[in-house]
Protein chains: 2
Amino acid sequence: MLENLTEMLKGVLEGCVLEIISRGETYGYEITRRLNTLGFTDVVEGTVYTILVRLEKNGLVDMEKKPSDIGPPRKFFVLNAAGHEQLRKFWEKWAFVSSKMNELKEKK
Amino acid sequence: MLENLTEMLKGVLEGCVLEIISRGETYGYEITRRLNTLGFTDVVEGTVYTILVRLEKNGLVDMEKKPSDIGPPRKFFVLNAAGHEQLRKFWEKWAFVSSKMNELKEKK
DNA sequence: TGATCTACTTAGTGTAACTATATAGTGGTA
DNA sequence: TACCACTATATAGTTACACTAAGTAGATCA
């Protein structure tokens with residue numbers, strides 16, 4: 001349908017992952033499926049895993065490995081305090097950029 | 001006020017520049033000032049010039065150099081047909097991403 | 001045995017905004 | 001005259017992030 005969204009997702013996809021994790025503990029494969037369902041159909045596991053590695057390295061999430069009945073063990077993630085703060089800032093930035101973009105668009 | 005917006009502006013700032021040029025011929029320095037006025041206060045000339053070079057290289061704008069009374073000559077840009085089509089696609093992408101982001105945000 | 005779905009890993013690539021610095025015209029002022 | 005501020009453009013190098021591509025591995029089923 002739409003062409004490549006890659007550039008427009010920069011700085012946005014990480015925020016989506018933070019938001020999804022904030023709803024309750026989840027893991028990479030499931031996050032990818034949720035993003036696909038949301039409409040970001042081209043996002044693949046590899047992309048999400050690199051984001052998760054970054055989030056963990058930056059101390060925004062806590063991880064716990066748990067076995068699965070239907071496949072390999074899963075790495076479950078939850079947001080910690082720093083992660084919640086980062087998510088709050090993300091939505092603040094989004095609101096700002098979003099409002100400015102719409103202002104630009106409408107002011108014909 | 002807000003922290004660094006760099007990543008969130010990727011894929012967005014170029015669209016803003018296209019939109020501003022579409023309103024009538026203008027040049028880099030003025031585009032920068034308009035972006036600053038719009039709220040993107042940290043955007044500097046260098047950033048805009050690299051975008052303009054890219055737009056011209058990609059055949060989306062036409063350029064004409066004109067003298068100025070109050071300083072060095074200016075390079076005025078206008079959108080050509082390809083530029084208008086690119087701008088249309090940009091707003092289409094923006095509408096898509098924007099709607100999905102708000103969907104994610106609201107679905108608490 | 002092979003295929004499919006689930007699940008994670010990671011080295012390398014491409015792109016776009018940004019940093020920093022340079023050049024240069026015009027006008028004002030000390 | 002020298003210096004500054006404002007206007008105006010140019011560009012080499014850096015950083016950050018999404019993406020590509022290829023791999024490993026557990027579970028289920030034909």
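The figures that follow rest on heavy atoms only: side chains count, while hydrogens, waters and symmetry mates do not. Keep in mind that what you see is a predicted model, and the values were worked out from it rather than measured. In what follows, every chain begins at residue 1, and chains take the letters A, B, ... in the order their sequences are listed.
Rounding to the nearest 0.5 angstrom, the gap separating the CD atom in A/Glu30 from the CZ atom in A/Arg74 is 7.5 Å. The CD1 atom of B/Ile21 lies 11.5 Å from the SG atom of B/Cys16; values are rounded to the nearest 0.5 Å.
Here the C1' atom of nucleotide C/dA7 and the CD1 atom of A/Ile70 are 9 Å apart, to the nearest Å. Whole-Å rounding puts the B/Leu55 CG to D/dA10 P distance at 13 Å. Atom OH of A/Tyr29 is separated from atom P of D/dA25 by 19 Å (rounded to the nearest Å). The interatomic distance linking A/Phe40 (CZ) with D/dC19 (P) rounds to 10 Å, in whole Å. For B/Tyr27 and C/dG25, the OH to P distance is 17 Å, given to the nearest whole Å. To the nearest angstrom, C1' of D/dT20 lies 12 Å from CG of A/Asn4. Put simply, NZ on B/Lys75 is 16 Å from C1' on C/dG25, counting in whole angstrom units. In this structure, CD of B/Glu7 is placed 8 Å from C1' of C/dA17, rounded to the nearest angstrom.
Across A/Ser22 and A/His84, no two heavy atoms sit closer than the pair CB-NE2, 4.5 Å. What you find for A/Asn80 and A/Gly59 is that their closest heavy atoms are ND2-O, 3.0 Å. Of all the heavy atoms in A/Trp91 and B/Met101, the pair that sits closest is CH2-O, 3.6 Å.
Side-chain proximity of B/Leu13 to the nucleotides C/dA17, D/dC17, C/dA7 is greatest for C/dA17. Picking from D/dC19, C/dA17, C/dG25 the nucleotide with the shortest atom distance to the side chain of A/Val43 gives D/dC19. Each of C/dC18, C/dT10, C/dA7 was ranked by its minimum atom distance to the side chain of A/Thr50; first place goes to C/dT10. Distances from the side chain of A/Pro72 to the nucleotides D/dA18, D/dT9, D/dA25 place D/dA25 closest. Listed candidates were C/dA7, C/dA17, D/dA8. Nearest to the side chain of B/Leu9 is C/dA17.
The phosphate of C/dT9 has neither OP1 nor OP2 within less than 4.0 Å of any side-chain N or O from A/Tyr49. Remark: B/Thr47 is not in phosphate contact with C/dA17, judged by side-chain N or O atoms under 4.0 Å from OP1 or OP2.
Both A/Arg54 and A/Ser68 sit near DNA chain D, but only A/Arg54 has its closest nucleotide nearer the 5' end. Nearest-nucleotide mapping onto DNA chain D: of A/Gly71 and B/Gly46, the residue sitting toward the 5' end is B/Gly46.
For B/Lys10 and C/dT15, a side-chain-to-base donor-acceptor distance below 3.5 Å is absent, hydrogens and geometry of angles not being considered.
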